[in-house]
Amino acid sequence: MLTPTNQQAMHRRQFLKWAGMSSIVLTLPFGCGINEAESSIHAKGELDPSRFKNIFDLEKRAGEAMGEDALNYLNGGADDLMTVRANHEAYQKIQIRARRLIDVRNISTSIELFGKTLDNPIILSPVGFQAFFHPDGEIATAKAAARKKHQMVVSSVSNYAVGEIASASGADLWFQLYPSPDRGVTKALLNQATDAGCKVCFLTLDTPVVGNRENHGTTLLQMIASGELEMGNFKNILPEGMSFTDPGMTWEMIDWLRANCTMKIVLKGIVTREDALLAKERDIDGIVVSNHGGRQLESNRATIDCLPEVVEAVDGAFPVLVDGGIRRGTDVFKALALGATAVGIGRPYCWGLGAFGQEGVALALEILKSELIRDMQLAGTTSIQEITRNFVTGV
Ligand SMILES: Cc1cc2nc3c(=O)[nH]c(=O)nc-3n(C[C@H](O)[C@H](O)[C@H](O)COP(=O)(O)O)c2cc1C
């Protein structure tokens, strides 16, 4: 019989194994950059929104506030970061075809998605370990998302448990699932999400194993190994033999999930027409075109380049979302024009979190939404539904 302390130690060892690290990191001296930098910067609380004109300004500030290791973890990706860069750069070759003489005094950004009316189409994609960026982690993010009326998706590997995040923030959350080969563990995760009120489950498909992230340091792993950071959702799950991802997962998993989950099911990580067509044969509710922000397979195409063929294959059967590289309102506009029902952002809101906690997340969301509204006005569109393929060229 395992004692709680033994369980925690095993849990941490398994995380290190999953992350491709040996338990040697347990003995390394502790990185201190993030804690020292954070406490000084956050104590000052010096958020003057007028100094942050765009997401890149927040990124710069996050770099100063978070410390090198946390920033490398957040900004890092697979191998040589070609996919990380491609995701963003691909938006630059697309141009907007603006229309004129349209009354743009009243703009609506609202959409219907997975049975819910959303104020706007900019969703917070799941990002794990947010307490690495700021001590309030996912709770700060969820509070800001609720306040600014953006939908948040909580990662399986959040530091705070999904139930804790829901009750501390009052936010209506969706959940992202990393399936374990042990379906009992997966079922326990699903139960936690359902109990927390989540109505939508994003199953991540692009992580049979963790990508080769050479620029990641060891501070996060040390913090988990020492117990300074927890993985909230796994705390009460017996972790015997547990892994956080399942390299043996196949399409059978989708059928299992349908039978074992009352939430709507969204497949996160589809990047080809072939898989979009296979997804269409299953009982699912949506797709996210995603390459995990370039953190998994290197030399992926940019997600915005994958979107058109996926949208074409899905042919309206269910909503298609896209994430990766979105940094500007115009990027959101272009993705919507190419057929996305909504978009996800990852790093942008985490830069806000790292820079200023809850207020920084709120600022990141505010910047993107106000850019989108202005871009809609300049392009001559008054609702999200009006943003169609005719509004872009260069694809
Ligand atoms: C630090 C970090 C952690 C992430 N953690 C997860 C995760 O736990 N689950 C998941 O499905 N995707 C995860 N992602 C991928 C995001 O959900 C999203 O696909 C990606 O960040 C979008 O690209 P962007 O950061 O350029 O906006 C993570 C991304 C980052 C940057």
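Indexing begins at 1, ligand by ligand and atom by atom, following the structure's order.
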Quiz item: cation-pi between Arg183 and Trp256, 6.0 Å / 45°: yes
query: Going by the atom numbers of ligand 1, which of them fall below 4.0 Å from some non-hydrogen atom of Leu74?
result: 1 (C), 31 (C)
field: Note, Lys264 side chain near Cys201 side chain (heavy atom, < 4.5 Å)
entry: no
Thr393 and Gln95: side chain donor to acceptor below 3.5 Å: no
- prompt: Are Arg295 and Tyr73 in a cation-pi setup, meaning NZ or CZ lies under 6.0 angstrom from the ring centre and within 45 degrees of the ring axis?
  reply: yes
message: Side chain, backbone, both or neither: which applies to Gln176 and ligand 1 if a contact is any heavy-atom pair less than 4.0 Å apart?
response: side chain
- prompt: Is there any N or O on Pro126 that sits under 3.5 Å from an N or O of ligand 1?
  reply: yes
- request: State whether the shortest distance between N or O atoms of Arg327 and N or O atoms of ligand 1 falls below 3.5 angstrom.
  value: yes
query: Can a donor-acceptor pair be found between the side chains of Asn120 and His150 at a distance below 3.5 Å?
result: yes
- prompt: Of all heavy-atom pairs between Met263 and Ala193, which one has the smallest distance, and what is that distance?
  reply: CE-CB, 3.8 Å
field: Numbering as shown, the atoms of ligand 1 that approach Ile345 to under 4.0 Å (heavy-atom distance)
entry: 27 (O)
query: Going by atom types alone, do Thr382 and Glu386 pair a side-chain donor with an acceptor below 3.5 Å?
result: yes
- request: Considering heavy atoms of the protein only, find what lies nearest to atom 27 (O) of ligand 1 and give residue, atom and distance to 0.1 Å.
  value: Gly346 N, 2.9 Å
- line: The closest protein heavy-atom partner of atom 29 (C) of ligand 1 is Arg295 CD, 3.6 Å
message: What I want to check is whether the side chains of Asp182 and Ser180 have a donor and an acceptor closer together than 3.5 Å.
response: no
message: Can you confirm whether the side chains of Asn233 and Ser156 place a donor and an acceptor under 3.5 Å from each other?
response: no
field: Sub-4.0 Å atoms of ligand 1 with respect to non-hydrogen atoms of Val157
entry: 8 (O)
- request: Share the residues that join Val84 in a hydrophobic cluster, the rule being Ile, Leu, Val, Met, Phe, Trp or Tyr side chains under 4.5 Å apart at the heavy-atom level.
  value: Leu81
- prompt: Under 3.5 Å, is there a donor-acceptor pair between the Thr141 and Gln130 side chains?
  reply: yes
task: Measure the shortest side-chain to side-chain distance between Arg328 and His88 over non-hydrogen atoms and say whether it is less than 4.5 angstrom.
output: no
message: If we set the cut-off at 4.0 Å for heavy atoms, which region of Val127 has an atom near ligand 1: side chain, backbone, both, or neither?
response: both
- prompt: To which protein heavy atom is atom 19 (O) of ligand 1 closest, and what is the distance rounded to 0.1 Å?
  reply: Asp323 OD2, 2.7 Å
message: Just to verify, what does Asn212 make a side-chain hydrogen bond (donor to acceptor under 3.5 Å, both in side chains) with, not counting sequence neighbours?
response: Asp79, Glu214
task: Return yes or no for this condition: an N or O of Ser125 is under 3.5 Å from an N or O of ligand 1.
output: no
statement: Ser290 heavy atoms within 4.0 Å reach ligand 1 at atoms 19 (O)
query: Starting from atom 25 (O) of ligand 1, which protein heavy atom do you reach first, and at what distance in Å?
result: Arg347 N, 2.9 Å
- request: Around atom 7 (C) of ligand 1, find the nearest protein heavy atom and jot down its residue, atom name and distance.
  value: Tyr178 OH, 3.1 Å
message: At under 4.0 Å between heavy atoms, is it the side chain or the backbone of Phe202 that contacts ligand 1, or both, or neither?
response: neither
- prompt: At a 4.0 Å threshold, what atoms of ligand 1 neighbour a non-hydrogen atom of Thr204?
  reply: 10 (C), 11 (O)
- prompt: Backbone or side chain, does any N or O of Gly325 fall under 3.5 Å from an N or O of ligand 1?
  reply: yes
field: Backbone or side-chain N or O of Gly128 under 3.5 Å from ligand 1 N or O
entry: yes
- prompt: Regarding Asp323 and Ser290, is there a side-chain donor-to-acceptor distance under 3.5 Å anywhere?
  reply: yes
message: Taking distance alone, with N or O pairs closer than 3.5 Å, would you say Ser155 contacts ligand 1?
response: yes
task: Among all protein heavy atoms, pick out the one at the shortest distance from atom 12 (N) of ligand 1; state its residue, atom name and that distance to 0.1 Å.
output: Lys268 NZ, 3.0 Å
statement: atom 15 (C) of ligand 1 sits nearest the protein heavy atom His292 CD2, 3.5 Å
- line: Looking at Gly76, Gly324, Ser156, the heavy atom closest to atom 22 (C) of ligand 1 belongs to Gly324
- request: Report the part of His88 in contact with ligand 1, treating N, CA, C, O as backbone and CB onward as side chain, heavy atoms under 4.0 Å; options are side chain, backbone, both, neither.
  value: neither
task: State the atoms of ligand 1, each with its element, that fall below the 4.0 Å cut-off from a heavy-atom position in Tyr73.
output: 1 (C)
